Amino acid sequence: MDKVMRMSSEKGVVIFTKSSCCLSYAVQVLFQDLGVNPKIHEIDKDPECREIEKALMRLGCSKPVPAVFIGGKLVGSTNEVMSMHLSSSLVPLVKPYLC
Amino acid sequence: MNSTSTHFVPPRRVGIYEPVHQFGMWGESFKSNIGNGNMNTPNHIIIPNNQKLDNNLSEDTSHGTAGTPHMFDQEASTSRNPDKIQRRLAQNREAARKSRLRKKAYVQQLETSRLKLIQLEQELDRARQQGFYVGNGIDTNSLGFSETMNPGIAAFEMEYGHWVEEQNRQICELRTVLHGHINDIELRLLVENAMKHYFELFRMKSSAAKADVFFVMSGMWRTSAERFFLWIGGFRPSDLLKVLLPHFDILTDQQLLDVCNLKQSCQQAEDALTQGMEKLQHTLADCVAAGQLGEGSYIPQVNSAMERLEALVSFVNQADHLRHETLQQMYRILTTRQAARGLLALGEYFQRLRALSSSWATRHREPT
């Protein structure tokens, strides 16, 4: 979906969330802790929420939110982010986008 | 251990089904062969569900011949026809015979279940004495049986009991081989089994969380000291590292760096999840407190809170994922021998916590 592609490249680190999703919030907190200021898209506030959800799922997310894009590419959801961080592969990825 | 009370195990745990209603079937219409109808009301089959279990089954169960009042009517209608009387008597004898057989089978079942119950209690006492984990539903500090009535949870508790037994066995084995001589290949196998064993626990917890997330969240299946250190339904990954790290002898520079990075990233991930949980708590509290408090109606608030609770399952899964990854990374960073020593240390740490819970629970029972 074009809109999703466009939104996911708006900034170095982009996270699709829902305002009610606390796990999305946890992921957001993690990136902020790393010194990154991610762009947050609360898709439940977007009129095209359902389409965005479907597009994210089609891209390979098991759950629509949280969906993390770094450098315009889909990194994954909470599981992937946590695994990457513990294996020290997340920090190098976000290095170009530190505040 | 001076346990003087017999713990009442809820029937469902050992397969004794409520027999109280069954004795009615022996009150069906048949006539005793003795005399002209001994119309005793159905006697009670005494079910020993609150006595001390000993080897004396109540002898009162051997009676139970009974008739019912309406037999009188049937008798009256057959009094004119001798054949009918004979047939009726034969039917009664047959019914009585069948009833006796059924009762016999039932009593057999009770006997077996009772023996099984005695056996289980003995096992429990033995396990408690050795400081092993004992199922929450039969714990002296149990909050009641409501939690163990969920079949998913009951299954999980049983599985966890076995898990702890296997854990203890693995710890013993690790201790033995590390003090002796073992080649790296065999040691690696032991280490990998130990890791798989932890991962198996996370898988079990995931199923249990689907059955009852509050049960998993509150660590109800764990001993009291373990519960004291609980973080989202289990141990803190950062605690794991704190326990393990002092036990490693020489770490290379690369290992030191990796361990340092792991400590930091683990802490950051943990903090992020903690903050997410706090947000969930606030959201849930707001949900429950919404609208007018004091009006007496709260169905919409409860319903909307129920929807939120689904998120709790995700958090439990994420916390276990973090534990999984922490263990996995430690395994990657360390040598086989170091990993074995680490797993032994970790296992023993939890054993000590369980022993602490046991000691604490029994401290008042010791004669002073």
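In what follows, chains are A, B, ... by sequence order, proteins preceding strands, each numbered from 1. Remember, predicted model here, so these are calculated numbers, not experimental data.
- The distance from atom CZ of B:Arg332 to atom OG of A:Ser87, rounded to the nearest 0.5 Å, is 7.0 Å.
- Contact annotation: the side chain of B:Asp271 never approaches that of A:Val29 to less than 4.5 Å [non-hydrogen atoms, C-beta and beyond].
- How far CG of A:Asn79 is from CG of B:Asn317: 8.5 Å, rounded to the nearest 0.5 Å.
- Looking at B:Ala269, the atoms closer than 4.5 Å to chain A (heavy atoms on both sides) sit in the backbone and in the side chain alike.
- Side-chain contact between B:Leu273 and A:Met82 is present, with at least one heavy-atom pair separated by less than 4.5 Å.
- Contacts of A:Ser77 with chain B are absent, with no heavy-atom separation under 4.5 Å from either backbone or side chain.
- Of the two parts of B:Gln329, only the side chain, counted from C-beta on, holds a non-hydrogen atom closer than 4.5 Å to a non-hydrogen atom of chain A.
- Residue A:Lys3 qualifies as enclosed at atom NZ: its count of foreign heavy atoms under 6.0 Å is above 12.
- Rounding to the nearest 0.5 angstrom, the gap separating the CG atom in B:Leu262 from the CG atom in A:Leu86 is 5.5 Å.
- Of the listed residues A:Val81, A:Asp33, A:Leu23, the one with more heavy-atom pairs under 4.5 angstrom with chain B than any other is A:Leu23.
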Derivation and outcome, side-chain hydrogen bond (donor to acceptor under 3.5 Å, both in side chains), residues B:His321 and A:Ser83: CA-CA 8 Å; B:His321 179 70; A:Ser83 298; 2.9 Å; yes
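- Heavy atoms of B:Thr274 lying under 4.5 Å from chain A are absent altogether.
- Counting non-hydrogen atoms of other residues, nucleotides and ligands closer than 6.0 Å to CZ of A:Arg50 gives a total of 12 or fewer.
- Across B:Gln275 and A:Tyr25, no two heavy atoms sit closer than the pair O-CE2, 3.8 Å.
- The distance from the NE2 atom of A:His85 to the SG atom of B:Cys266 is 9.0 Å, given to the nearest 0.5 Å.
- Using a 4.5 Å cut-off between heavy atoms, A:Ser88 touches chain B through its side chain atoms alone.
- Residues B:Thr283 and A:Ser20 form no side-chain contact, since every pair of their non-hydrogen atoms from C-beta on lies 4.5 Å or further apart.
- Residue A:Lys63 qualifies as enclosed at atom NZ: its count of foreign heavy atoms under 6.0 Å is above 12.
- Smallest separation of non-hydrogen atoms from A:Ala26 and B:Gly276: CB-CA, 4.1 Å.
- Residue-environment remark: CG (B:Asp253) stays at or below the threshold of 12 foreign heavy atoms within 6.0 Å.
- For B:Gln318, the part sitting under 4.5 Å from any heavy atom of chain A is the side chain, from C-beta outward, and nothing else.
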